[in-house]
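Reading through the structure tokens given below for one structure.
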Amino acid sequence: VAVSTLLSEVEKVSPFLNIFGYQGKIQEKFRPSDETFFATLIAQGCNVGIDKMERIAKGIQGHSLKHIADWYLNQEALQDVNDAIIKFKNTLSLPDIHRRESDKIHTASDGQKILVKRDSLNASYSYKYPGFTKASVINTAIDERMSVFKINVISASEREHINVVEMHLGNPVIKADTHSTDTHGSSDIVFGMMYFLNVF
């Protein structure tokens, strides 16, 4: 199944494109098409890039892709869209087959190192990953129903543990009872803070 087809099907049952609002100071006269939004989301989300997507997407202009990326896809809107889709997913019975206990939610998080070739505030050298290339870490939180509810990008030299608390503070869609992570995502302080959040 093509990713664009999948996005189109999700839009039908849980409309999310309307959450992306124009960030300019004046109202935009013509809103880009759904297909252009899907192409931009794929370009950004799958790390294809706007330039390559312009070459491979038929009938979609590169300036339209860049326009959406610059004026619609801000971090807050992307999080709101993700939350809306998870809320809809939480109403379905099929994802619950993965749950161990029907009355509790188990979440987990881990980081993945990504090499960064250009200068970035989120990239640095790390004692954990020896090498001569700076890296960032994408720290992802997921629940047992396979819902990715939080992603943080941090420097490779930072510990992941403080993000564990942030993943659960004010989260409107996933209320975890238990959270699992590795030693890089845990500390005594985090254990204490999670206790006060009623997450064990």
Would you name the heavy atoms of [X] and [Y] that are closest together and state the gap between them?
| X | Y | answer |
| --- | --- | --- |
| Q44 | L73 | CG-CD1, 4.2 Å |
| G111 | V137 | CA-CG1, 3.6 Å |
| M167 | A141 | SD-CB, 3.3 Å |
| F20 | A77 | CD2-CB, 3.8 Å |
| H98 | E144 | CB-O, 2.9 Å |
| G185 | V164 | O-CG2, 3.3 Å |

Under 4.5 Å between side-chain heavy atoms, counting indirect links through other Ile/Leu/Val/Met/Phe/Trp/Tyr residues: same cluster for [X] and [Y] or not?
| X | Y | answer |
| --- | --- | --- |
| V190 | L197 | yes |
| I114 | I151 | yes |
| L7 | L78 | yes |
| I174 | F16 | no |
| I42 | V81 | yes |

Nearest-0.5 Å distance, [atom1] of residue [X] to [atom2] of residue [Y]:
| X | Y | atom1 | atom2 | value |
| --- | --- | --- | --- | --- |
| K134 | S155 | NZ | OG | 9.0 Å |
| F37 | S64 | CZ | OG | 10.5 Å |
| I142 | S147 | CD1 | OG | 7.5 Å |
| L41 | Y72 | CG | OH | 12.5 Å |
| I85 | K87 | CD1 | NZ | 12.0 Å |
| D83 | I19 | CG | CD1 | 8.5 Å |

**Study point:** Presence of salt bridge, K66 and E54, under 4.0 angstrom
**Key:** no
With a 4.5 Å cut-off on side-chain heavy atoms, are [Y] and [X] touching?
| X | Y | result |
| --- | --- | --- |
| N82 | V173 | no |
| R145 | N90 | yes |
| S180 | H106 | yes |
| F149 | N171 | yes |
| V199 | T178 | no |
| T40 | I50 | yes |
| I154 | N122 | no |
| E160 | S109 | no |

Return yes if a side-chain donor-acceptor contact under 3.5 Å exists between [X] and [Y], otherwise no.
| X | Y | value |
| --- | --- | --- |
| N152 | N139 | no |
| H179 | H168 | yes |
| S33 | T36 | yes |

Practice item. Could you give me the CA-CA distance, side-chain angles and deciding distance for S187 and H161, then say whether side chain to side chain contact (heavy atoms under 4.5 Å, CB included) is met? Key: CA-CA 7 Å; S187 69; H161 68 275; 3.4 Å; yes
Can you establish whether the number of heavy atoms outside [X] located under 6.0 Å from its atom [atom1] is more than 12?
| X | atom1 | result |
| --- | --- | --- |
| F200 | CZ | yes |
| F191 | CZ | no |
| D119 | CG | no |
| K175 | NZ | yes |
| I189 | CD1 | no |
| K89 | NZ | yes |
| L169 | CG | yes |
| M194 | CE | yes |

Review point. Which residues satisfy the side chain to side chain donor-acceptor pair (under 3.5 Å) test with D177, sequence neighbours excluded?
Key: none
**Study point:** Single hit among L6, V3, L17, I60 for side chain to side chain contact (heavy atoms under 4.5 Å, CB included) with F38
**Key:** L17
Donor-acceptor under 3.5 Å ([X] side chain, [Y] main chain):
| X | Y | result |
| --- | --- | --- |
| D143 | M146 | yes |
| T91 | F88 | yes |
| Q61 | G59 | no |

Exercise for review: For the pair Y22 and W71, name the ring-plane relationship: parallel under 30°, tilted 30 to 60°, perpendicular over 60°.
Suggested key: tilted
